[in-house]
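The block underneath contains the structure these notes are about, expressed in structure tokens.
In listed order, ligands and their atoms are each counted from 1.
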Amino acid sequence: MHGFRYFGNRLHCEGVALEPLARKYGTPLYVYSQGTLTDHFKKLDMAMSDVDHQICFSVKANSNQSVLRALANLGGGFDIVSGGELQRIIDAGGDPRNCVFAGVGKTEPEVEFALKRGVYSFNAESEPELERINRVAARLGKTAPVAVRVNPGVAAHTHAKITTGTYENKFGIAFEKIEAVYARAATLKHLRLRGLQMHIGSQITTVSPFEEAVRKILPLALRLKRQYGLEFLSLGGGLGIVYNPALESGAAGWWKSVASRNILTPQKYAARLVSLLQPLDLRILLEPGRFISGNAGVLLTRVEYVKRTGRKHFLIVDAAMNDLIRPAFYEAYHQIVPLIRKAGVRIKSDVVGPVCESGDFFCKDRPLPRLGEGDYLALLSAGAYGFVMASNYNTRPLAAEVLVNGNRAALVRQRQPVRNIWAGETVAPWLK
Ligand SMILES: *Cc1c(COP(=O)(O)O)cnc(C)c1O
């Protein structure tokens with residue numbers, strides 16, 4: 001299931017029509033479907049039920065307090081990459097003991113904070129980091145649970161900016177060097193070697209790269225388990241989603257259509273991996289971000305102007321690259337549909353924002369219905385790496401966010417008041 005579809009001509013999120021929401025709360029507006037978040041979490045959870053496992057949602061994909069609480073209520077843990085994300089989890093009612101702390105640049109204060117709060121594991125990415133974690137743990141009289149991120153050296157066949165499993169990037173430790181790193185870590189008195197971690201990239205749409213990586217690290221995981229008593233293996237995240245088309249109108253339903261289109265599903269993922277993982281007898285951690293929240297969110301925007309030039313038809317909308325940077329940053333595709341469905345001709349349109357950058361566009365030459373000022377559009381599949389990557393560029397306030405559950409909708413983040421943007425700034429004394 002995914003919670004966005006037309007009833008009659010009106011696009012809904014679950015039981016809530018989106019145009020009245022856009023009018024009530026203004027645009028740009030992110031809207032999330034709790035039903036979709038829940039469904040994706042449970043689908044993956046159920047698919048993996050034949051191994052001891054824990055899903056740790058990757059907080060960097062969507063960190064709204066309501067999204068985090070909804071997932072915590074389902075028994076989800078969290079994959080965090082900063083002290084700030086850990087604080088968010090605590091404030092959202094999540095349990096640090098279900099958190100793994102990833103990232104290449106953990107600072108001392110972050111390590112200390114996470115140690116005091118008792119995270120399940122630090123997923124370390126270098127030897128100096130292991131030494132730092134050991135040092136901080138010694139100072140606090142604690143033992144730090146750690147895993148080391150192995151870089152399996154497989155190609156994930158995804159966009160260059162989201163490939164992490166090859167040797168040309170900053171992540172993890174090369175497969176050939178990892179055992180030496182564990183041997184060294186085992187000499188550090190304040191570390192407990194708890195697991196092994198990998199994450200090969202994002203938006204991976206076939207099981208093969210995962211399978212290749214798992215097959216490659218299986219013997220390694222077994223050896224490390226025997227030697228150091230490891231307790232878990234984390235496979236990271238990276239499960240891809242459907243961006244095009246994100247919206248299916250047919251009666252077949254979302255998952256059926258996804259399955260028939262040869263896209264990665266939790267069932268396919270589990271079918272190829274679970275039997276490989278079972279003999280390990282390790283706890284399996286998964287760190288999906290996009291898979292859980294990507295299709296669970298949309299960005300609503302209003303057409304401000306229609307501008308025709310000699311060759312082009314522009315829809316200038318009130319959302320911009322500062323609200324959703326994926327098209328500019330990753331050349332990402334987002335399906336764009338009107339909140340009120342329109343029949344008739346399609347016009348090749350560029351949907352662009354008001355920011356003063358030529359990179360500020362959401363699509364180019366895409367056939368869209370004839371639209372005018374005041375019409376609303378939805379950019380689909382904006383629930384992961386959407387709001388979280390927003391900025392204040394052009395002094396544009398951060399968008400508001402709404403969570404829908406069935407027939408209910410709640411504002412879960414107010415639109416940022418504009419003065420809030422420069423509230424921390426001051427005029428230097430010599431300028432006064
Ligand atoms: C970003 C990230 C994830 C989540 O990636 P998705 O593609 O959103 O599933 C998981 N683990 C680590 C270590 C990451 O950096």
Per-atom contacts of ligand 1 with Arg290, taking only distances under 4.0 Å to non-hydrogen atoms =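 That gives atoms 6 (P), 8 (O), 9 (O) of ligand 1.
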
Quick one: which ligand 1 atoms are inside 4.0 Å of a heavy atom on Pro288?
->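 What qualifies from ligand 1 is 9 (O).
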
[X] and ligand 1 - part of the residue with a heavy-atom distance under 4.0 Å:
X	result
Glu287	both
Phe291	neither
Asp79	side chain
Ser202	both

Return the residue, atom name and 0.1 Å-rounded distance of the protein heavy atom closest to atom 2 (C) of ligand 1.
->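 Result: Lys60 NZ, 2.3 Å.
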
To the nearest 0.1 Å, how far is atom 8 (O) of ligand 1 from its closest protein heavy atom, and which atom is that?
->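 That would be Tyr385 OH, 2.6 Å.
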
Would Arg135 and Glu131 pass as an ion pair if we require N to O under 4.0 Å?
->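 Salt bridge: no.
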
Salt bridge present between Glu231 and Arg192 (N-O < 4.0 angstrom) =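 Between Arg192 and Glu231 there is a salt bridge, with a charged N closer than 4.0 Å to a carboxylate O.
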
Which word best sums up how the rings of Tyr120 and Phe232 line up, parallel for under 30°, tilted for 30 to 60°, or perpendicular for over 60°?
->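 Rings of Tyr120 and Phe232: tilted, as their planes differ by 30° to 60°.
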
[X] side chain near [Y] side chain, heavy-atom distance below 4.5 Å:
X	Y	result
Val59	Val81	no
Ile89	Phe78	yes
Arg396	Pro354	yes

Say whether Ala384 and ligand 1 are in contact under the criterion: heavy-atom distance to a ligand atom below 4.0 Å.
->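 The answer is no, since Ala384 has no heavy atom less than 4.0 Å from ligand 1.
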
Could an N or O of ligand 1 be found under 3.5 Å from any N or O of Gly289, whether backbone or side chain?
->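 Checking ligand 1 against Gly289, an N or O pair does fall under 3.5 Å apart.
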
Looking only at distance, does Gly238 have an N or O less than 3.5 Å from an N or O of ligand 1?
->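 Right, the criterion is met.
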
Reported CD1-to-CG distance for the pair Ile173 and Asn151, which is rounded to 0.5 angstrom |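 Rounded to the nearest 0.5 Å, the CD1-CG separation comes out at 9.5 Å.
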
Could you state the interatomic distance from CG (Leu196) to CG (Leu282), rounded to the nearest 0.5 Å?
->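 These two atoms lie 8.5 Å from each other.
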
